[in-house]
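Order of listing sets the numbers, starting from 1, for every ligand and every atom in it.
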Amino acid sequence: MPYTYDDQNIFAKILRGEIPNTTVLETDHSLAFRDIEPQAPEHVLVIPKGAYVTYDHFANTASDAEILDFTRAVGKVCDMLGVAPSDGEGYRMISNAGENGVQDVPHLHVHVLGGRNMGRMVAKAGS
Ligand code: AMP
């Protein structure tokens with residue numbers, strides 16, 4: 001079933017400049033900004049400017065230019081935050097999708113988290 005994009009979601013409003021954000025990086029097709037409720041010393045969200053709901057939606061339907069721009073933006077953010085293991089202590093990148101992924105905002109975003117040990121990837125079943 002095709003995705004339906006809700007243009008009233010909070011990241012769409014950020015992209016339209018209707019609510020403020022703390023921008024880390026802006027490129028032709030992507031925006032990176034600080035999470036409003038950081039869960040680590042470094043917590044940045046990277047989003048495409050296009051109307052994509054989830055990572056699979058983006059990966060399956062975005063243009064090559066958008067995918068290239070977004071991928072490079074994530075890499076640049078890791079460099080800017082100093083979390084890349086090449087010169088930092090590492091990071092976790094997460095993209096929640098849909099109900100089981102517990103996605104709150106229905107506009108594709110990847111979380112880049114660092115500055116502390118992030119622990120195990122997911123909680124064990126039932127916990
Ligand atoms: P998710 O559960 O993956 O959809 O995560 C949504 C994230 O968006 C959460 O970590 C929120 O703290 C973050 N968030 C919600 N509203 C804003 C906002 N206005 N500016 C920055 N981050 C936000």
Side-chain angles (χ1 to χ4, degrees):
M1 202 158 64
Y3 278 102
T4 303
Y5 181 80
D6 170 16
D7 68 4
Q8 292 307 306
N9 78 74
I10 200 143
F11 295 167
K13 291 179 181 178
I14 284 177
L15 286 167
R16 290 195 294 267
E18 294 169 8
I19 58 173
N21 74 93
T22 306
T23 298
V24 171
L25 175 70
E26 180 166 12
T27 64
D28 287 349
H29 296 291
S30 310
L31 182 69
F33 54 93
R34 295 215 168 258
D35 196 291
I36 204 167
E37 287 184 45
Q39 296 182 40
E42 301 289 357
H43 187 171
V44 168
L45 303 171
V46 188
I47 69 173
K49 292 181 177 175
Y52 301 102
V53 181
T54 60
Y55 196 92
D56 60 280
H57 185 205
F58 180 73
N60 286 328
T61 63
S63 68
D64 290 358
E66 290 173 299
I67 291 170
L68 179 62
D69 181 290
F70 184 73
T71 304
R72 294 276 194 228
V74 171
K76 188 149 192 204
V77 164
C78 291
D79 283 349
M80 291 171 77
L81 299 180
V83 297
S86 53
D87 64 356
E89 293 182 325
Y91 61 93
R92 175 157 303 148
M93 191 172 90
I94 301 169
S95 190
N96 298 317
E99 192 177 337
N100 280 0
V102 195
Q103 179 180 12
D104 288 331
V105 181
H107 181 111
L108 166 61
H109 49 286
V110 296
H111 299 252
V112 178
L113 299 134
R116 69 167 171 86
N117 186 293
M118 299 307 302
R120 291 279 174 196
M121 187 169 68
V122 291
K124 288 182 182 158
S127 59

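Between Glu42 and the options Arg92, Arg34, Arg116, a salt bridge (charged side-chain N to carboxylate O under 4.0 Å, His left out) holds for only Arg34. Of the residues His109, His29, His57, the one that meets the ring-ring contact (aromatic ring centres under 6.0 Å, His included) test with Tyr52 is His57.
Ranking protein heavy atoms by distance to atom 23 (C) of ligand 1, first place goes to Ile36 CG2, 3.5 Å. Ranking the protein heavy atoms by distance from atom 8 (O) of ligand 1 puts Phe11 CZ, 3.4 Å first. Closest to atom 11 (C) of ligand 1 among all protein heavy atoms lies Asp35 OD1, 3.4 Å. In this structure, the protein non-hydrogen atom closest to atom 4 (O) of ligand 1 is Asp104 N, 2.7 Å.
Taking every heavy atom of Phe33 and a limit of under 4.0 angstrom, the matching atoms of ligand 1 come to 21 (C). Close approach of ligand 1 to Arg34 is summarised as follows: ligand atoms under 4.0 Å from at least one heavy atom of the residue are 21 (C). Of all atoms in ligand 1, listed by their number and element, those nearer than 4.0 Å to a heavy atom of Gln103 are 4 (O). Distances below 4.0 Å separate heavy atoms of Val102 from the following atoms of ligand 1: 2 (O). Within ligand 1, the atoms closer than 4.0 Å to a non-hydrogen atom of Asn96 are 1 (P), 2 (O), 3 (O), numbered from 1 in the order shown. Ligand-side atoms of ligand 1 in range of His111: 1 (P), 3 (O), 5 (O), 7 (C), 10 (O), range being under 4.0 angstrom from any heavy atom. Counting atoms of ligand 1 from 1 in the listed order, those under 4.0 Å from a heavy atom of Glu37 are 12 (O).
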For residues 75-89, which side-chain donor-acceptor pairs fall under 3.5 Å, sequence neighbours excluded?
none

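Using a 4.0 Å cut-off between heavy atoms, His109 contacts ligand 1 through its side chain alone, with no backbone atom that close.
Residues Met93 and Val46 are not in side-chain contact: their nearest non-hydrogen atoms beyond the backbone lie 4.5 Å or more apart.
Under a hydrophobic-cluster definition in which Ile, Leu, Val, Met, Phe, Trp and Tyr are linked whenever side-chain heavy atoms come within less than 4.5 Å, directly or via other members, Val110 and Val24 are assigned to the same cluster.
The aromatic rings of Phe11 and Phe33 lie perpendicular to each other, with more than 60° between the two planes, well past the 30° mark.
The shortest separation from a heavy atom of Asn21 to ligand 1 is not under 4.0 Å, leaving the residue out of contact.
Few gaps surround CG on Asp7; more than 12 heavy atoms of other groups in view lie less than 6.0 Å from it.
A donor-acceptor pair under 3.5 Å is absent between the side-chain atoms of Lys49 and the main chain of Glu66, judged by distance alone.
One finds the CG atom of Asp104 at 10.5 Å from the CD1 atom of Ile10 (value rounded to the nearest 0.5 Å).
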